[in-house]
Amino acid sequence: MENQGKIIVILGPTSSGKTDLSIKLAKKLDGEIISADSRQVYKGMNIGTGKVTKKEMAGIPHYLLDVANPKTRFSVAQYQKLALRAIKNIQNLPAQAGKNSPPTNFESQNKFGSKKISNSKLVGGKIPFLVGGTGFYIQSVADGIVIPEVKPDWRLRKKLEKLTTEQMFKKLKELDPKRAKSIDKHNPRRLIRALEIVLKSKRPVGSLSHSERFKTLFLGIKKDQKELNGLIKKRLLKRLDEGMINEVKRLHKSGISFKRLEEFGLEYRYVAQYLQGKLNYNEMVTKLEKEIEHYAKRQMTWFKRDKRIHWINPHTKKKLNEVVKLCKNFLIE
RNA sequence: GCCGGGGUAGCUCAGUGGUAGAGCACUGCUCUGAAAAAGCAGUGGUCGAAGGUCCGAUUCCUUUCCCCGGCA
């Protein structure tokens, strides 16, 4: 596959300092930032997702923030499409498709908002930084995984949800024995999607193909688990202080059901439970702290297996300079 | 001091005359349009202590220590 240019990925567990590092590097290396976070894509979800503020952006354009309404479901496939488009714009390469239809998704503006795409068209030739903690989203872009075309059909999914996982698995085995072989037969999400693909496309789920589209430098921020847990707690308390609970209240008032809020997980799930009286305040805070720790570990499990990642911990000026050098070398070669 | 209830995995607790389990925590893992989601697996206990009965006690008996209620 043709080389589509270079991108730099910054990843790491929650609270590890990705945002801060990405802005520093983007400034030094003339880059722009694409968020790779499955929750920061939603409008109005700011404090709970730790979205960068306009001020923190320090003039660096950010993409893929606030591109979706929390009432609707966003997904990797949409993310992949928008992120690839954003990369092209940052690099100032001609877009392949939809060149004439400016993505209105990028237009949103609030105090957390992202830069309009039209600006970067004029600038161009910059380095795209893909920054975030959602491994799957990063993979979809950096490895260019080919996601089956079949769109989610929520009516079908709801119907399939009534089956037990055993029944789902049995059905999949009949319709697509190959996929059934590799699938986690206890996982309803995976089973439902696999069935959805087969039922809608009338074809088996193809084997996963990826093709590296970009020359990519992977930087991973690594923190000692104890230190990270400390950072997690600190940041959780800060978020509460900044009005996280009101943010969730506001979202609920704007018409987002508690059920939907709980689907988002972490902050939104447990604050929603608190607001419904399912938890008291202390229970909410301790539960949330623990759940965020778990989440960070899950993120690391995902990242650990990727041997391309350069693990860094740029907590001093000297270390930061080393990282800058690493990036420069990558960009030169 | 007396009367109850209890001491079993890091925590909360279940259980049995044949050397023990659950949930949570902890550890490892999976990931094909929900991924902060959804799943999987594993480690872990001289069953408070000492005696006794018994082929065999964590389980029954005695003593003892500790905790929690009530009465004084």
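Quantities reported herein were computed from a predicted structural model and do not represent experimental measurements.
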Q | Nucleotide forming a Watson-Crick or wobble pair with B:G69, both distances under 3.5 Å | A | B:C3

Q: Take atom CD of A:Glu291 and atom P of B:A25, then tell me their distance rounded to the nearest Å.
A: 7 Å

Q. Which value, in whole Å, describes the distance between the C1' atoms of nucleotides B:A57 and B:A25?
A. 31 Å

Q. How long is the line joining CG of A:Asp306 and P of B:C29, in whole Å?
A. 14 Å

Q) Pick the nucleotide of RNA chain B nearest each of A:Ala77 and A:Asn187; which residue has the one closer to the 5' end? A) A:Ala77

(Q) Rounding to an integer number of angstrom, what distance separates B:A37 and B:G21 when you compare their P atoms? (A) 32 Å

Q: Rounded to the nearest angstrom, tell me the gap between atom NZ in A:Lys259 and atom C1' in B:A37.
A: 14 Å

Q. Looking across every strand, which nucleic acid part, if any, lies under 4.0 Å from A:Gly48 by heavy atom: base, sugar-phosphate, or nothing?
A. base

Q: Write down the partner of B:A34 under the Watson-Crick or G-U wobble criteria, each distance required to be under 3.5 Å.
A: none

**Q.** A:Arg157/A:Glu161 under salt bridge (charged side-chain N to carboxylate O under 4.0 Å, His left out): CA gap, chis, key distance, verdict
**A.** CA-CA 6 Å; A:Arg157 287 186 181 189; A:Glu161 248 167 38; over 6 Å; no

Q) In the structure shown, which nucleotide is the Watson-Crick or G-U wobble counterpart of B:C60, with both distances under 3.5 Å? A) B:G52

Q. Whole Å only: how far is the CH2 atom of A:Trp302 from the P atom of B:A38?
A. 16 Å

Q. When the distance from CD of A:Glu263 to C1' of B:A37 is rounded to whole Å, what number comes out?
A. 9 Å

Q: Can you tell me the pairing partner of B:C13 across any strand shown, Watson-Crick or G-U wobble, with both distances under 3.5 angstrom?
A: B:G21

Q. Expressed as a whole number of Å, how far does the P atom of B:G51 sit from that of B:C68?
A. 28 Å

Q.
Rounding to an integer number of angstrom, what distance separates B:A35 and B:C29 when you compare their C1' atoms?
A. 16 Å

Q | Salt bridge flag under 4.0 Å for residues A:Arg308 and A:Asp306 | A | yes

Q) Side-chain N or O of A:Arg179 less than 4.0 angstrom from OP1 or OP2 on B:U32? A) yes

Q) Is there a chain of hydrophobic side chains (I, L, V, M, F, W, Y, each step under 4.5 Å between heavy atoms) that links A:Trp154 to A:Leu156? A) no

**Q.** A:Arg298 side chain near B:U27 phosphate (N/O to OP1/OP2, under 4.0 Å)
**A.** no

Q) With a 4.0 Å cut-off on heavy atoms, is A:Pro188 in touch with a base, just the backbone sugar-phosphate, or nothing at all? A) sugar-phosphate

Q.
If I pick the P atom on B:U8 and the same atom on B:G15, what distance separates them, to the nearest angstrom?
A. 14 Å

Q) Whom does B:C40 pair with, Watson-Crick or G-U wobble, provided both distances fall under 3.5 Å? A) B:G28

Q. Rounding to the closest angstrom, what is the interatomic distance between B:G44 and B:G5 at atom C1'?
A. 29 Å

Q: Report yes if at least one side-chain N or O of A:Lys287 is closer than 4.0 Å to OP1 or OP2 of B:C24; otherwise report no.
A: no

Q. When you check the phosphate oxygens OP1 and OP2 of B:C31, does a side-chain N or O of A:Arg305 lie under 4.0 Å from one of them?
A. yes

Q.
Classify A:Ser182 by what it touches in the nucleic acid, base, sugar-phosphate, or nothing, heavy-atom distance under 4.0 Å.
A. nothing

Q: Round to a whole Å and report the spacing from CD of A:Gln78 to P of B:G33.
A: 12 Å

Q | Nearest-Å distance for atom pair CZ/P, residues A:Phe303 and B:C31 | A | 15 Å

Q: With C1' as the reference atom in both, quote the distance from B:U59 to B:A20 in angstrom, rounded to an integer.
A: 11 Å

(Q) With a 4.0 Å cut-off on N to O distance, would you call A:Lys290 and A:Glu293 a salt bridge? (A) yes

Q. Side chain to side chain donor-acceptor pair (under 3.5 Å) with A:Asn46: which of A:Lys51, A:Gln40, A:Glu242?
A. A:Lys51

Q. Of the nucleotides B:C26, B:A35, B:A34, which has the atom closest to the A:Thr134 side chain?
A. B:A35

**Q.** Short side-chain N/O contact from A:Lys297 to OP1 or OP2 of B:G28, under 4.0 Å
**A.** yes

(Q) For the residue pair A:Lys215 and A:Phe330, would you count it as a cation-pi contact if the rule is NZ or CZ under 6.0 angstrom from the ring centre and within 45 degrees of the ring axis? (A) no

Q: Taking only the side-chain nitrogens and oxygens of A:Arg189, find out if one of them lies under 4.0 Å from OP1 or OP2 of B:A35.
A: no

Q) Counting any heavy atom closer than 4.0 Å, what does A:Glu149 reach on the DNA or RNA strands: base, sugar-phosphate only, or nothing? A) base

Q.
If the cut-off is 4.0 Å, is A:Gln225 near the phosphate of B:U27, judged by side-chain N/O to OP1 or OP2?
A. yes

Q) Rounding to a whole Å, what distance do you find between A:Lys185:NZ and B:U30:C1'? A) 14 Å

Q.
Is the phosphate of B:G33 approached by A:Tyr79 (side-chain N or O, under 4.0 Å from OP1 or OP2)?
A. no

Q. So what does A:Val205 touch, heavy atoms closer than 4.0 Å: a base, only the sugar-phosphate, or nothing?
A. base

Q) Quick one: which of B:A34, B:G28, B:U30 gets closest to the side chain of A:Thr301? A) B:U30

Q.
Pairing donors with acceptors under 3.5 angstrom, does anything connect the side chains of A:Gln299 and A:Tyr295?
A. yes

Q) Given B:A35, is OP1 or OP2 found less than 4.0 Å from the side-chain N or O atoms of A:Arg39? A) yes

Q. Think A:His186 has a side-chain N or O under 4.0 angstrom from the OP1 or OP2 of B:U30?
A. no

Q) Of A:Glu247, A:Glu263, A:Arg39, A:Glu262, which is the lone residue that meets side chain to side chain donor-acceptor pair (under 3.5 Å) with A:Tyr268? A) A:Glu247

Q | Side-chain N or O of A:Arg190 closer than 4.0 Å to phosphate OP1/OP2 of B:U32 | A | yes

Q.
By nearest heavy atom, map A:Phe264 and A:Val150 onto RNA chain B; which one lands nearer the 5' end?
A. A:Val150

**Q.** ILVMFWY cluster, A:Ile309 and A:Phe214 together (side-chain gap under 4.5 Å)
**A.** yes

Q) Expressed as a whole number of Å, how far does the P atom of B:U43 sit from that of B:A38? A) 26 Å

